[in-house]
Amino acid sequence: GIQVEQSPPDLILQEGANSTLRCNFSDSVNNLQWFHQNPWGQLINLFYIPSGTKQNGRLSATTVATERYSLLYISSSQTTDSGVYFCAVVDNAGNMLTFGGGTRLMVKP
Amino acid sequence: SAVISQKPSRDICQRGTSLTIQCQVDSQVTMMFWYRQQPGQSLTLIATANQGSEATYESGFVIDKFPISRPNLTFSTLTVSNMSPEDSSIYLCSVVTGLLYTFGSGTRLTVV
């Protein structure tokens, strides 16, 4: 099946700093989503982005499908950005959403 | 996107017992998915539940341990049977509407 790798696995930032999270996938995809899992375990959808670039406030994402990677940018980070960020994809063969290992982000005040 | 109500939100259970987790969706959906997230790990798909047919289980998961019901297009349950401490995890249900996957708020299970 498709492999999804995220980097870095852990990230500590000072409040106000910017960061870039990366997601590499091993095959063509027809669906890619970024999620934020808050400390209570809830998964919040950030972006549906199988290709192209999207922005939502301080967050933006870019997927280069031909090169099989996606980037999530967080600008002016806040303590509430802390949690785990997951990239998940669906390959062209099926409906199963496959998750990467996640990036655990801690933003310090 | 669909809104999913999942319950219970958390539970502490004795080993050897069973727990049933429920998910209610605010719209009719063809497929519902059940995931497990072990402590500090990513999400792993347990099974896909279609209404009117047996659930399809992923490698490493069996129906006797994780029986699933799907009585209609808006509801599903997952039972974690004969629990052991290794079953302590967050369990999440998910649906896809259009191309967007959404998740329930999760059930945090601790087995003692």
Side-chain angles (χ1 to χ4, degrees), chain A residues 1-10 21 23-25 28-52 54 56 61 63 65 70 82-106, chain B residues 1-12 21 23 25 29-51 53 55-61 70 88-110:
Chain A
I2 193 168
Q3 304 297 313
V4 184
E5 295 185 356
Q6 291 185 242
S7 59
D10 296 280
L21 283 57
C23 172
N24 292 332
F25 41 95
S28 300
V29 300
N30 60 24
N31 186 330
L32 188 149
Q33 289 182 234
W34 283 96
F35 295 91
H36 175 220
Q37 188 170 39
N38 63 25
W40 296 271
Q42 189 168 9
L43 271 177
I44 307 299
N45 178 65
L46 298 176
F47 293 103
Y48 165 77
I49 188 166
S51 63
K54 290 186 178 180
N56 184 3
T63 297
S70 183
S82 297
V84 185
Y85 290 81
F86 287 105
C87 166
V89 303
V90 178
D91 63 25
N92 290 335
N95 293 318
M96 190 174 98
L97 192 64
T98 301
F99 280 78
T103 293
R104 188 174 302 272
L105 173 65
M106 178 184 296
Chain B
S1 60
V3 176
I4 305 173
S5 174
Q6 182 173 346
K7 56 183 180 182
S9 58
R10 58 176 60 233
D11 207 341
I12 301 173
I21 302 166
C23 276
V25 190
V29 293
T30 304
M31 291 186 290
M32 292 183 73
F33 307 92
W34 288 96
Y35 287 82
R36 181 178 72 180
Q37 185 179 24
Q38 295 177 300
Q41 303 296 312
S42 185
L43 282 77
T44 301
L45 182 65
I46 297 172
T48 302
N50 292 318
Q51 192 266 337
S53 64
T56 302
Y57 289 82
E58 298 301 312
S59 176
F61 298 96
R70 185 80 201 275
S88 297
S89 297
I90 298 174
Y91 293 86
L92 300 103
C93 62
S94 174
V95 301
V96 56
T97 51
L99 295 173
L100 191 66
Y101 286 78
T102 55
F103 285 78
S105 54
T107 297
R108 189 180 296 269
L109 171 62
T110 302

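A, B, ... follow the sequence lines: proteins, then strands. Residue 1 opens every chain.
For B:Leu100, the parts lying near chain A are the backbone and the side chain together; criterion is any non-hydrogen pair under 4.5 Å. Of the atoms belonging to B:Gln41, it is backbone heavy atoms, and not side-chain ones, that fall under 4.5 Å from chain A. With a 4.5 angstrom heavy-atom cutoff, B:Leu45 touches chain A only via side-chain atoms.
No other option in A:Gln37, A:Arg104, A:Gln33, A:Gln6 has as many heavy-atom pairs under 4.5 Å with chain B as A:Gln33.
Aromatic ring orientation, B:Phe103 versus A:Phe99: perpendicular (interplanar angle above 60°, classes split at 30° and 60°).
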Step-by-step side-chain contact (heavy atoms from CB on, under 4.5 Å) determination, B:Tyr35 to A:Leu97: CA-CA 10 Å; B:Tyr35 287 82; A:Leu97 192 64; 3.3 Å; yes

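Expressed to the nearest 0.5 Å, how far CG of A:Leu43 lies from OG1 of B:Thr102 amounts to 10.5 Å.
Counting non-hydrogen atoms of neighbouring residues, nucleotides and ligands closer than 6.0 angstrom, the CD1 atom of B:Ile12 reaches no more than 12 such neighbours.
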